Amino acid sequence: MQIQVELTMPPQWLRLLDLDLREPMREIGRRLETSVIQNYNQQRSPAGVAWIPSQRAKKDGGKTLIDTGRMLASLSFVSGNDWVEIGYPQGSKNIPAWLHFGVPKNNLPAREHLGVRHEDEVMIERTVRDYFTALLA
């Protein structure tokens with residue numbers, strides 16, 4: 001399960017302009033990673049919808065989707081010149097996908113944890129704008 005943020009400027013324009021957006025893309029990736037961690041800590045979706053507490057969290061007094069912490073610890077991002085992906089490494093047995101979307105036949109509710117919040121959209125816009133402003137200064 002991964003989310004992607006892509007620039008609307010066609011990559012060929014970036015190549016023609018010989019722009020190197022790797023650093024702002026890394027910054028966006030770091031901040032999106034922090035945003036997903038906040039979703040876990042606040043027990044809510046990127047849209048602000050509170051998660052239904054899991055049976056384990058109710059029983060143990062812990063947090064939903066945080067038991068051993070392995071899944072959250074495996075959260076990572078990769079980025080390139082005009083893209084950022086954040087998610088869990090391949091081979092994680094697709095666990096985050098069924099936790100994210102839920103499994104209705106097993107009465108497992110969706111607990112969206114990956115996504116772009118409104119604040120993230122503002123941050124992405126500001127990061128890219130600051131990059132271009134610095135180029136023109």
Side-chain angles (χ1 to χ4, degrees):
M1 174 83 202
Q2 296 183 344
I3 59 172
Q4 294 183 0
V5 175
E6 296 183 28
L7 297 176
T8 56
M9 179 183 284
Q12 59 270 26
W13 289 13
L14 295 174
R15 285 189 289 278
L16 285 174
L17 296 172
D18 197 27
L19 295 177
D20 183 359
L21 292 171
R22 287 177 292 189
E23 187 50 42
M25 292 299 114
R26 277 192 292 271
E27 178 65 22
I28 291 167
R30 283 191 289 272
R31 290 178 165 209
L32 287 175
E33 193 173 65
T34 299
S35 181
V36 173
I37 292 168
Q38 287 176 335
N39 293 339
Y40 278 86
N41 289 333
Q42 296 169 0
Q43 300 284 277
R44 66 175 180 82
S45 75
V49 178
W51 294 340
I52 297 171
S54 67
Q55 295 303 316
R56 187 218 37 91
K58 288 180 191 175
K59 185 180 108 188
D60 298 343
K63 288 189 170 186
T64 299
L65 296 187
I66 303 176
D67 184 11
T68 65
R70 284 191 315 234
M71 186 172 80
L72 184 55
S74 73
L75 178 69
S76 62
F77 76 90
V78 291
S79 60
N81 195 48
D82 60 348
W83 57 273
V84 175
E85 289 181 2
I86 184 164
Y88 305 90
Q90 295 294 346
S92 61
K93 299 179 184 169
N94 226 9
I95 291 172
W98 62 262
L99 290 175
H100 184 88
F101 295 110
V103 182
K105 70 179 182 182
N106 293 349
N107 293 322
L108 180 70
R111 295 184 178 100
E112 296 179 19
H113 48 284
L114 293 174
V116 177
R117 304 188 210 192
H118 173 70
E119 308 93 84
D120 299 331
E121 292 174 4
V122 171
M123 174 276 299
I124 292 166
E125 181 180 312
R126 185 178 308 125
T127 302
V128 174
R129 184 182 62 235
D130 290 351
Y131 170 79
F132 283 105
T133 300
L135 279 179
L136 299 172

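Count residues from 1 along the sequence. Remember, it's a predicted structure, so these values are computed and weren't measured experimentally.
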**Q** With sequence neighbours left out, what residues match L136 under side-chain contact (heavy atoms from CB on, under 4.5 Å)?
**A**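 side-chain contact (heavy atoms from CB on, under 4.5 Å) list for L136, sorted by chain: empty.
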**Q** With no hydrogens and no angle check, is any side-chain donor or acceptor of Y131 less than 3.5 Å from a backbone partner on D20?
**A**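 Yes.
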**Q** Is there a continuous path of hydrophobic side-chain contacts, each under 4.5 Å between heavy atoms, that joins V49 to L65?
**A**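 Result: no, two separate clusters.
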**Q** Mind jotting down which residue pairs meet the side-chain hydrogen bond (donor to acceptor under 3.5 Å, both in side chains) criterion with at least one end in residues 25-37? Sequence neighbours excluded, please.
**A**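 side-chain hydrogen bond (donor to acceptor under 3.5 Å, both in side chains) check on residues 25-37 returns E23-R26, E23-R30, E27-R30, E27-R31, S35-R117, S35-D120.
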**Q** Test: salt bridge (Lys or Arg N to Asp or Glu O under 4.0 Å). Region: residues 126-137. Which pairs qualify, not counting sequence neighbours?
**A**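 Output for this query lists E125-R129.
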**Q** Without swapping roles, check the side chain of H113 against the backbone of S45 for a donor-acceptor pair under 3.5 Å.
**A**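 Judged by distance alone, no pair lies under 3.5 Å.
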**Q** If the condition is side chain to side chain donor-acceptor pair (under 3.5 Å), which residues does E121 pass it with, not counting sequence neighbours?
**A**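 With sequence neighbours excluded, E121 shows a side chain to side chain donor-acceptor pair (under 3.5 Å) to no residue whatsoever.
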**Q** Hey, does the side chain of K63 reach the backbone of Q43 with a donor-acceptor pair shorter than 3.5 angstrom?
**A**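 A pair under 3.5 Å: no.
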**Q** Would you list the pairs meeting ring pair (Phe, Tyr, Trp, His ring centres under 6.0 Å) in which at least one residue belongs to residues 45-74, sequence neighbours left out?
**A**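 Pairs touching residues 45-74 that pass the test: Y40-W51.
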**Q** I want to check something: taking the side chain as every heavy atom from C-beta on, are S79 and E85 in contact at a cut-off of under 4.5 Å?
**A**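 They are not in contact (no side-chain heavy atoms under 4.5 Å apart), so the answer is no.
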**Q** Within the structure provided, determine whether I28 and V128 are in side-chain contact (heavy-atom separation under 4.5 Å).
**A**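 Touching, per the 4.5 Å side-chain cut-off.
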**Q** Work out which heavy atom in V84 is nearest to a heavy atom in G29; give both atom names and the distance.
**A**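 For V84 versus G29, the nearest heavy atoms are CG1-CA, 3.6 Å.
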**Q** Report the residues that fulfil side-chain contact (heavy atoms from CB on, under 4.5 Å) with R56, sequence neighbours left out, ordered by chain and then residue number.
**A**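 Per chain and number, R56 pairs via side-chain contact (heavy atoms from CB on, under 4.5 Å) with S54, D60, D67.
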**Q** Once rounded to the nearest 0.5 Å, what's the spacing between atom CD1 of I66 and atom CE of M71?
**A**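 With rounding to 0.5 Å, CD1 (I66) is 8.5 Å from CE (M71).
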**Q** Apply side-chain contact (heavy atoms from CB on, under 4.5 Å) to K59 and list each qualifying residue two or more places apart in sequence or on a separate chain.
**A**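 None.
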**Q** Any heavy-atom pair between the side chains of I86 and S76 that's under 4.5 Å?
**A**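 No; the side chains remain at least 4.5 Å from each other.
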**Q** Does L32 belong to the same Ile/Leu/Val/Met/Phe/Trp/Tyr cluster as V122, with side-chain heavy atoms less than 4.5 Å apart forming each link?
**A**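 Different clusters.
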**Q** Show me the pairs that pass ring pair (Phe, Tyr, Trp, His ring centres under 6.0 Å) and involve residues 58-79, at least two apart or across chains.
**A**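 Qualifying pairs: none.
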**Q** Rounded to the nearest 0.5 Å, how far apart are CG of N81 and CG of L21?
**A**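 N81 atom CG to L21 atom CG measures 5.0 Å (nearest 0.5 Å).
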**Q** Looking at residues at least two apart in the chain, or sitting in another chain, which of them share a side-chain contact (heavy atoms from CB on, under 4.5 Å) with L108?
**A**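 With neighbours one apart ignored, the set is W98, L99, V103, R111.
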**Q** Drop me the distance from L114's CG to L75's CG, to the nearest 0.5 angstrom.
**A**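 Those atoms lie 7.0 Å apart.
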